Amino acid sequence: MSGMSDPPGERAEGPILLMASPALPPADGKPLSPSSSKYVKLNVGGCLHYTTVQTLSKQETVLKAMFSGNMEVLTDHEGWILVDRCGKHFGTLLNYLRDGAVPLPESVREIEELQLEAKYYLIEGLVEDCQLALKRRSESCSADCRIPMITSAKEERKIVAASSKPVVKLLHNRSNNKYSYTR
């Protein structure tokens, strides 16, 4: 399931769920109400999650639409509701729905991945939190430090002349290198 993708040249816009049966098929055949505390089983890209309809229905999201009877969902033979998305960040999405806030990942890439998932599921507050975190990180990481290896005085003068920032010259001591042919 996690290996599925759109055909080349075709990219679906907005949320897409695998469709099969009308609403969630509980034992009595009626859609579960948002006030229900009944646990549901979700298989998101191979990652299995248990949660309540109440948690999934806290905000106006794709997940709420799934359990309101407005969308069809696909279930497997064991009753797991199948969602054709990567499950890597789904637990974080559930915790956000439960608590209204979550600690964001450390890496920029993971924040971007989480933001994409939050956009897919239409979890606006989490999308905004991710945008703010990415903005803060980009503002705090504006330093540019490069250490080029200079092999001639001409190269040195060229780099110093082209730089708008202070330049620090480090000498590479090769005197301990048994293969060194320079002083």
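None of these values were measured; they are calculated from a predicted model.
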Apply side chain to side chain contact (heavy atoms under 4.5 Å, CB included) to residues L42 and L48 and explain how you reach the verdict. CA-CA 6 Å; L42 297 169; L48 307 178; over 6 Å; no

Pairwise side-chain contact, E110 with H89, heavy-atom cut-off 4.5 Å (strictly under): yes

Value rounded to 0.5 Å, distance of CG in L56 from CZ in F67: 5.0 Å

Do L116 and V83 share a hydrophobic cluster (ILVMFWY, side-chain heavy atoms under 4.5 Å, transitive)? no

Any side-chain heavy-atom pair from D129 and Y96 closer than 4.5 angstrom? yes

In this structure, would V127 and L63 fall into the same cluster of hydrophobic residues linked by side-chain contacts under 4.5 Å? no

Only pairs under 3.5 Å count here: list side-chain donor-acceptor contacts from residues 154-161, not counting sequence neighbours, and write none if there are none.
unit_1	atom_1	unit_2	atom_2	d
E155	OE1	T151	N	2.9
E155	OE1	T151	OG1	2.6
E155	OE1	S152	N	3.4
E156	OE1	K169	NZ	3.3
E156	OE2	K169	NZ	3.3

Heavy-atom check, side chain of L104 versus side chain of L126, under 4.5 Å: yes

Could you check whether the rings of Y39 and Y50 sit parallel, tilted or perpendicular, using 30° and 60° as the cut-offs? perpendicular

Is the backbone of L93 close enough, under 3.5 Å, to the side chain of R98 for a donor and an acceptor to pair up by distance? no

Answer whether the closest heavy-atom distance between the side chains of K64 and Q59 falls below 4.5 Å. no

K41 side chain to E78 backbone, donor-acceptor under 3.5 Å: yes

Output for pair (C86 SG, E113 CD), nearest 0.5 Å, gives 7.5 Å

I81 versus N43: any side-chain heavy-atom pair under 4.5 Å? no

Is T75 close to L82 at the side-chain level, that is, under 4.5 Å between some pair of heavy atoms? no

Spacing of SG belonging to C130 relative to CD1 belonging to I111, to within rounding of 0.5 Å: 6.5 Å

Positive for side chain to side chain contact (heavy atoms under 4.5 Å, CB included) with L94, one of T51, V102, V44: T51

In one Ile/Leu/Val/Met/Phe/Trp/Tyr side-chain cluster, 4.5 Å: M66, L122: yes

Do R85 and F90 form a cation-pi contact, if we require the NZ or CZ to be under 6.0 Å from the six-membered ring centre and within 45 degrees of the ring's axis? no

Tell me whether K88 is salt-bridged to E117, with the criterion being a basic N under 4.0 Å from an acidic carboxylate O. no

Determine whether a donor-acceptor pair (N or O, by modelled atom type, separation under 3.5 Å) exists between the side chain of S57 and the backbone of Q54. no

